[in-house]
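Residue numbers run from 1 in the order of the sequence given. As a basis for the values below, the full set of heavy atoms in this structure was taken, side chains included, without hydrogen atoms, waters or symmetry mates. The shown structure was predicted, so the numbers you read here are calculated from the model rather than taken from an experiment.
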Amino acid sequence: MQHLPLPGTGETPVRVMTIAGSDSGGAAGLQSDLRTFALAGVHGTCAITAVTVQNSLGVTGFHPIPPATVAGQIRAVVEDIGVGAVKTGMLATAEIIDAIADTAIDLGIGGRLPGSADSVPFLVDPVCASQHGDPLLTPEALDTLLRRLFPLAWIVTPNLDEVRLITGIEVVDEASQRDAARALHALGPRWALVKGGHLRTAVTSTDILYDGAEFLEFEAPRLDTRHDHGAGDTLGAATVCALAHGMDVPTAIAFGKEWVTRSLAAAYPVGAGHGPVNASWRLRERL
């Protein structure tokens, strides 16, 4: 695959940020994002939205961070360190989402047309529940997420369960996947990506990207593994790394798709449940 350029010794890398919850099991959330950031050769920063109590079997609780503290983390990083692209993960509450939206607008994150000099690429992954079905977003927060963050997003990247919750569309084939992409795009993002990884009846794992005019398909082999914890986070993290390097949206999605496919192929078991995808294939490849 085409890798991103690595900074020279002592050279400041491209900087990216994740706004997400912490996974105590280390498989998903900001831990997964920061792992991909590092292995892709960028400098990763974070704004923590919640602390979760979870392992490979599921989530048993979470504690939201005060909204002003979430906003303060974003502002402190952007105003000093700078940022080339931003992604979101678990956002927990409506109050946190409002604080993120207000801060993003103030700092020029997302919202403007892709390619404009003063717009920071913004990927919104509308995390509503864990892989095991445990809720990670309060019920009243979903409306706030759609109303405040979708119009700011360059890209939204829901899985099929989230697509059904947001649009009411049950994706069962390519036609319904395209219908879902249209419905997501109508909510305001520049691009909508409907991921096909959870469409178990399909022979391949095909994601569909839609910009309001054109559909693009990103196909990968369907891998036979139950160890896929953090796959959605990893796709989004790799994509924003590519966006921060100046790639256009379709090229960045293609990069993210190949990155997560390789990470799934390298996944490993840990604990009694679902193990994590594994981006350390990047280290073995370089060796």
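A 4.5 Å side-chain heavy-atom check between Leu107 and Val83 finds every atom pair outside the cut-off. No side-chain heavy atom of His229 sits less than 4.5 Å from a side-chain heavy atom of Ser56. Put simply, the side chain of Ile109 does not reach to within 4.5 Å of the side chain of Leu152, judged on heavy atoms. Residues Thr88 and Phe122 form a side-chain contact, since some pair of their non-hydrogen atoms from C-beta on lies under 4.5 Å apart.
In this structure, Asn278 contributes its side chain and Ser263 its backbone to no donor-acceptor pair below 3.5 Å. Using modelled atom types, no side-chain atom of Glu95 and backbone atom of Pro67 make a donor-acceptor pair closer than 3.5 Å. Ser24 places a side-chain N or O within 3.5 Å of a backbone atom of Gln54 that can act as its donor or acceptor partner. Put simply, the side chain of Glu217 never gets that close to the backbone of Thr206: no donor and acceptor are under 3.5 Å apart. No donor-acceptor pair under 3.5 Å is formed between the side chain of Arg148 and the backbone N or O of Ala94. Judged purely by atom type and a 3.5 angstrom limit, Arg222 has no side-chain atom pairing as donor or acceptor with the backbone of Ala220. Under a 3.5 Å cut-off, the side chain of Arg262 and the backbone N or O of Trp281 do not form any donor-acceptor pair. Formation of a donor-acceptor pair under 3.5 Å by the Gln177 side chain with backbone atoms of Val194 is found in this model.
A distance of 5.5 Å separates CD of Gln73 from CD1 of Ile48, quoted to the nearest 0.5 Å. In this structure, CE in Met90 is found 10.0 Å from OG in Ser22, a value given to the nearest 0.5 Å. Taking CG of Leu91 as the reference point, atom CG of Leu149 lies at 6.5 Å (rounded to 0.5 Å). With rounding to the nearest 0.5 angstrom, the CD1 atom of Ile74 is 11.0 Å from the CG atom of Asp106. For the atom pair CG (Leu235) and OG1 (Thr261), the distance works out to 8.5 Å, reported to the nearest 0.5 Å. How far CG of Asp143 is from CD1 of Ile97: 9.5 Å, rounded to the nearest 0.5 Å.
Nearest heavy-atom pair across Leu142 and Cys128 is CD1-SG, 4.1 Å. Of all the heavy atoms in Leu4 and Cys241, the pair that sits closest is CD1-CB, 3.7 Å. Nearest heavy atoms, Val127 versus Glu162: CA-OE2, 3.4 Å. The heavy-atom pair separating Thr45 from Val77 by the smallest distance is OG1-CG1, 3.5 Å. Nearest heavy-atom pair across Ala267 and Val277 is CB-CA, 4.0 Å. Leu39 and Ala279 get closest at one heavy-atom pair: CD1-O, 3.2 Å.
Note on Ile253: it clusters hydrophobically with Leu216, by side-chain heavy-atom contacts below 4.5 Å among ILVMFWY residues. Transitive grouping of hydrophobic side chains (ILVMFWY, heavy atoms separated by less than 4.5 Å) brings Leu160 and Val156 into a common cluster. Clustering ILVMFWY residues whenever any of their side-chain heavy atoms sit less than 4.5 angstrom apart, transitively, puts Leu123 in a cluster other than the one holding Ile208. Grouping the Ile, Leu, Val, Met, Phe, Trp and Tyr side chains by contacts below 4.5 angstrom, directly or via other members, places Trp154 with Phe218. Under the 4.5 Å side-chain contact rule for hydrophobic residues, Phe215 and Leu193 do not share a cluster.
Judged by distance alone, the side chains of Ser176 and Asp173 do bring a donor and an acceptor atom under 3.5 Å apart. Under 3.5 Å, the side chains of Thr93 and Thr138 contain no donor-acceptor pair of N or O atoms.
Judged as a side chain to side chain contact (heavy atoms under 4.5 Å, CB included), and not counting sequence neighbours, the contacts of Glu11 are Pro7.
Within a 6.0 Å radius of CD in Gln2, other residues, nucleotides and ligands contribute 12 heavy atoms or fewer.
Within the structure, the ring-ring contact (aromatic ring centres under 6.0 Å, His included) test picks out no pair touching residues 5-40 (sequence neighbours left out). Here ring-ring contact (aromatic ring centres under 6.0 Å, His included) pairs that include residues 157-187, with residues two or more places apart or in two chains, are His185-Tyr210.
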Checking side chain to side chain donor-acceptor pair (under 3.5 Å) for the pair Asp33/Thr18: CA distance, chi angles, key distance, verdict?
CA-CA 7 Å; Asp33 292 340; Thr18 177; 2.6 Å; yes

Worked check of side chain to side chain donor-acceptor pair (under 3.5 Å) between Ser205 and Lys257
CA-CA 10 Å; Ser205 174; Lys257 179 69 170 177; 3.1 Å; yes

